[in-house]
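Since the structure comes first, as structure tokens, the remarks are kept for the end.
Residue numbers start from 1 in every chain, and the chains themselves are labelled A, B, ... in the order their sequence lines are given, proteins ahead of strands.
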Protein chains: 2
Amino acid sequence: MDATDIKILTLLQEDASISIAELAQKVNLSQTPCWKRIQRLEASGIIQKRVALVDPEKVGLGLTVFVSIETNDHSGSWLESFAEFVSEMPEVMEFYRMAGDVDYMLRVVVSDMAAYDGFYKRLIETIPLKNVTSRFAMQRVKATTVLALKASK
Amino acid sequence: MDATDIKILTLLQEDASISIAELAQKVNLSQTPCWKRIQRLEASGIIQKRVALVDPEKVGLGLTVFVSIETNDHSGSWLESFAEFVSEMPEVMEFYRMAGDVDYMLRVVVSDMAAYDGFYKRLIETIPLKNVTSRFAMQRVKATTVLALKASK
DNA sequence: CTTGAAAAGAGCGGCCA
DNA sequence: TGGCCGCTCTTTTCAAG
């Protein structure tokens with residue numbers, strides 16, 4: 001992955017609706033090799049997919065909550081079913097297994113407190129958890145899907 | 001925004017490379033009205049933009065860190081410059097002002113511990129902060145940009 | 001990698017119901 | 001609104017330098 005690939009990725013991460021002609025021009029290539037690079041990046045999975053980003057506020061999903069979870073039971077099969085259950089909750093945008101004091105970390109997006117309460121009840125009713133801490137966002141200062149890329153390999 | 005718009009948004013959130021013809025078929029419309037709905041959704045800002053999602057692991061950005069920040073100084077101008085400084089750090093993917101014990105919450109993506117250490121030093125050297133807690137992710141179980149939409153208005 | 005070009009396909013817009 | 005039917009532009013492939 002050379003500097004040109006990084007340029008292409010950076011531009012496509014910011015706007016994937018750009019035409020190949022314009023993209024090629026911005027990275028100082030003609031269409032054909034530019035197109036081939038994109039194909040390669042897609043085939044290798046570096047570009048996972050192209051998606052439309054929806055404004056959460058405009059569709060009534062204005063409440064973001066970070067949820068820290070501590071668990072008791074740590075058996076392998078329990079963890080697996082826990083992971084699957086949480087993954088399937090549509091309000092969960094991100095779900096990480098953590099190192100340290102917190103076992104899991106979620107970012108949850110809902111319409112309002114009432115909706116979060118519903119989510120919370122579903123979460124704790126279905127699964128026995130040692131501790132669940134909810135932290136509520138007042139303001140989204142920055143949210144991006146653009147990774148800062150550096151040359152490698 | 002009716003049920004058809006929601007279908008369109010859901011499909012485009014999952015895959016924006018789909019053609020209008022195929023999309024129209026999936027929502028039981030012909031191309032023109034389907035296309036017009038997409039235009040309307042884009043003009044109104046409900047669809048913010050179309051982007052390419054890059055696999056962080058494949059570009060050597062395998063370390064995700066959640067950073068909780070408590071601040072001392074709460075003067076308006078200080079907060080503004082803090083927000084701007086943090087927003088401009090490319091490692092910061094998400095940045096929220098919070099309610100409660102934690103003042104700010106970041107999700108930071110870097111290549112490894114050394115890179116995180118560099119980020120951390122830049123953060124605390126530049127700005128006086130009361131408390132900064134870093135929590136490290138071991139495993140990304142789920143990460144999506146797809147909002148779960150419900151009918152409204 | 002470049003240019004050029006051509007076939008296939010998709011986006012876009014008018015017009016009618 | 002939604003649907004039919006073109007026109008236009010892009011994407012995609014190919015050949016040759």
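A salt bridge links B:Arg107 to A:Glu94: at least one charged side-chain nitrogen sits closer than 4.0 Å to a carboxylate oxygen.
When the P atom of C:dA10 is taken as reference, atom CZ of A:Arg50 falls 14 Å away, rounded to whole Å. Going from atom CD1 of B:Ile38 over to atom C1' of C:dA10 covers 12 Å, rounded to whole Å. At whole-Å resolution of the value, CG in A:Leu29 and P in D:dT11 are 15 Å apart. When the P atom of D:dT10 is taken as reference, atom CD of A:Gln25 falls 12 Å away, rounded to whole Å.
Closest to the side chain of B:Gln31, out of C:dG11, C:dC1, D:dC4, is C:dG11.
Sorted by first and then second residue, the salt bridge (Lys or Arg N to Asp or Glu O under 4.0 Å) pairs with a member in residues 44-56 of chain B read B:Glu42-B:Arg50; sequence neighbours excluded. Listed by first and then second residue, the side chain to side chain donor-acceptor pair (under 3.5 Å) pairs that reach into residues 17-36 of chain A are A:Asp15-A:Ser17, sequence neighbours excluded. Applying the salt bridge (Lys or Arg N to Asp or Glu O under 4.0 Å) test to residues at least two apart or on different chains, the pairs with a partner in residues 124-137 of chain A are A:Arg135-B:Asp101. Among pairs with a residue in residues 39-69 of chain A, those fulfilling ring-ring contact (aromatic ring centres under 6.0 Å, His included) read A:Phe66-B:Tyr96, at least two apart in sequence or across chains.
Contacts between residues 3-23 of chain B and DNA chain D, defined by a heavy-atom separation below 4.0 Å, involve no residue at all.
Between the side chain of B:Lys142 and the backbone N or O of A:Met89 there is at least one donor-acceptor pair closer than 3.5 Å.
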- prompt: Which is it for B:Asp2 and B:Lys7 under the salt bridge (charged side-chain N to carboxylate O under 4.0 Å, His left out) test, yes or no, and what are the steps along the way?
  reply: CA-CA 9 Å; B:Asp2 63 8; B:Lys7 270 191 194 170; over 6 Å; no
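Side-chain atoms of B:Ser134 and B:Tyr116 include a donor-acceptor pair closer than 3.5 Å.
Considering only side-chain N and O atoms, B:Arg37 lies nowhere under 4.0 angstrom from the phosphate OP1 or OP2 of D:dT1.
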List every contact pair, protein side and nucleotides 13-17 of chain C side both N or O, where the distance is under 3.5 Å.
| from | atom 1 | to | atom 2 | distance (Å) |
| --- | --- | --- | --- | --- |
| C:dG13 | O6 | B:Thr32 | OG1 | 3.2 |

